[in-house]
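Protein chains get the first letters and strands the later ones, always in sequence-line order, with residue 1 at the start of each. What you are looking at is a predicted structure, and each value in this text was computed from that prediction instead of being measured. What's counted below: heavy atoms across the whole structure, side chains too, no hydrogens, waters or symmetry copies.
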2 protein chains.
Amino acid sequence: MENRKSEIISFAKSLIQQKGYAAFSYDDISKHFGITKASIHYHFEKKEDLGLAVLNRLHLRLTEFSASIATSRESLEKKLDRFYRLQSEKFAANEICPVSALQTDFELLPERMRVKMQEISRLELTVMQDMITDEASGREADSRAMALVVLAAIKGSLQYGRVINEDMLPEVMSGICQSIIRR
Amino acid sequence: MENRKSEIISFAKSLIQQKGYAAFSYDDISKHFGITKASIHYHFEKKEDLGLAVLNRLHLRLTEFSASIATSRESLEKKLDRFYRLQSEKFAANEICPVSALQTDFELLPERMRVKMQEISRLELTVMQDMITDEASGREADSRAMALVVLAAIKGSLQYGRVINEDMLPEVMSGICQSIIRR
DNA sequence: GTCTATACGTAGATAGAC
DNA sequence: GTCTATCTACGTATAGAC
């Protein structure tokens with residue numbers, strides 16, 4: 001059942017968004033699907049394998065997005081909006097960006113996952129940098145720092161928003177487009 | 001030994017910065033100080049009590065900083081620099097902001113810790129908002145969103161920096177001061 | 001593919017001696 | 001304050017039947 005395997009990846013990603021990599025368990029997953037932990041191990045022998053499957057999916061979506069950006073003539077707002085929904089179409093109130101959650105758990109990830117996380121984090125930065133320099137008519141010297149600011153703003157909105165129970169993303173998004181990019 | 005108790009709080013904070021709340025253990029702490037887990041339980045009966053002690057210290061430092069800002073005539077750069085070092089004088093290469101780490105683990109924190117986290121997160125936002133509006137001569141309509149952007153940029157620099165193994169904070173800091181505040 | 005059964009480690013926590 | 005000893009719960013993981 002290739003579908004079951006894919007469903008497990010999706011659910012694991014969602015669990016990581018809620019609780020992080022260390023805290024989510026095969027027991028969480030088995031209960032959700034009504035099967036035993038041993039069955040999850042059939043699909044993903046070790047937790048590390050499941051973690052890598054989640055990372056590979058995140059990486060794939062990011063790569064696809066990167067390609068779609070290169071040719072597109074969308075406005076920056078549209079691009080940022082699509083980027084925001086990239087790894088999670090709709091964020092539940094108790095979910096943050098999966099990449100952020102995995103960055104926080106970086107020190108306890110197995111080596112293979114760390115390598116992949118580094119790849120994903122670097123790609124996020126360059127993709128965002130491309131989006132910004134495409135738009136900005138002016139200087140691009142500090143565009144790498146600016147890319148991090150925009151990335152961090154999006155992810156930070158989710159993290160602070162979950163804690164203070166308030167969706168700050170709309171105002172942050174418009175603030176970004178006005179004050180940072182159109183300088 | 002009131003000093004031992006305080007040392008445990010410091011070390012717990014550092015562990016949280018490295019591994020998050022869920023993953024740090026009494027065993028980590030006992031090994032570090034060369035005493036048994038039971039001894040840690042003498043100082044902090046439950047993990048939640050130790051977690052709250054860490055949060056109370058973070059909150060105290062933030063409150064003190066908030067007061068010191070109100071009267072100060074420092075430049076924004078100086079203020080931001082002091083804010084950055086507030087919760088950790090010097091960040092080890094494997095440490096991120098403790099507040100960020102605890103925000104990521106928010107869903108698995110006990111209720112008392114969640115309440116305190118909300119308080120701290122709100123205070124961080126208002127403190128940063130004060131710093132920005134003090135400086136900015138212009139409009140202050142979106143200063144709350146701007147405060148989140150600056151906060152997220154600082155914390156994001158630590159998170160991305162740990163993963164890609166590169167200190168991005170200096171360029172991000174100067175980028176913030178130039179492009180965002182002095183608009 | 002999913003099950004039962006089980007092994008083994010580690011976690012948080014407590015009782016009671018020193 | 002710190003210890004030894006112990007408990008219970010839960011984690012990842014495996015063997016082997018269906």
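Put simply, CG on B/Asp27 is 20 Å from P on D/dA9, counting in whole angstrom units. Distance CG (A/Leu50) to C1' (D/dA13): 14 Å, rounded to an integer number of Å. If you measure from atom OH of B/Tyr26 to atom C1' of D/dC7, you get 17 Å, rounded to the nearest angstrom. Regarding A/Lys19, its NZ atom lies at a distance of 12 Å from the C1' atom of D/dG11, rounded to whole Å. To the nearest angstrom, C1' of D/dA13 lies 13 Å from CD of A/Glu48. To the nearest angstrom, P of C/dT10 lies 17 Å from CD1 of B/Ile29. The distance between atom NE2 of A/His43 and atom P of D/dA13, rounded to the nearest whole Å, is 16 Å. One atom, CD1 of A/Ile8, and another, C1' of C/dT2, lie 11 Å apart when rounded to the nearest Å.
Looking at heavy-atom distances under 4.0 Å, A/Lys46 makes contact with sugar-phosphate atoms alone, never a base. Within the 4.0 angstrom heavy-atom criterion, only backbone atoms of the sugar-phosphate kind lie near B/Phe24; the bases stay farther away. Within 4.0 Å (heavy atoms only), A/Tyr42 reaches at least one base atom of the nucleic acid.
In the set D/dT4, C/dA11, C/dT2, the nucleotide with an atom closest to the side chain of B/Lys37 is C/dA11. The A/Ala38 side chain lies nearest to D/dT14 when the options are C/dT2, D/dT14, D/dG11. Closest contact between the side chain of B/Lys47 and the listed nucleotides D/dT2, D/dG11, C/dA13 involves C/dA13. Minimum atom distance to the side chain of B/His41 is reached by C/dG12, of the listed C/dG12, D/dG11, D/dT12. Ranking C/dT14, D/dG11, C/dC3 by closeness to the A/Ser25 side chain, first place goes to D/dG11.
Between A/Phe44 and B/Ile35, the residue whose closest nucleotide on DNA chain D is further toward the 5' end is B/Ile35.
Judged by distance alone, the side chains of B/Arg82 and B/Ser72 never bring a donor and an acceptor atom under 3.5 Å apart. Side-chain contact annotation: B/Ser66 with B/Thr63, donor-acceptor N/O pair under 3.5 Å absent.
Under 4.0 Å is where a charged nitrogen must lie from a carboxylate oxygen, and between B/Glu48 and B/Lys116 no such pair does.
Counting heavy atoms from C-beta outward, B/Ile35 and B/Tyr42 have side chains that stay 4.5 Å or more apart.
Contact between the side-chain N/O atoms of B/Thr36 and the OP1/OP2 oxygens of D/dT2 is not found at any separation under 4.0 Å.
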*Kindly indicate, with the supporting measurements, whether the criterion salt bridge (charged side-chain N to carboxylate O under 4.0 Å, His left out) is fulfilled by B/Arg112 and B/Asp49.*
CA-CA 9 Å; B/Arg112 287 191 297 159; B/Asp49 299 319; 3.2 Å; yes
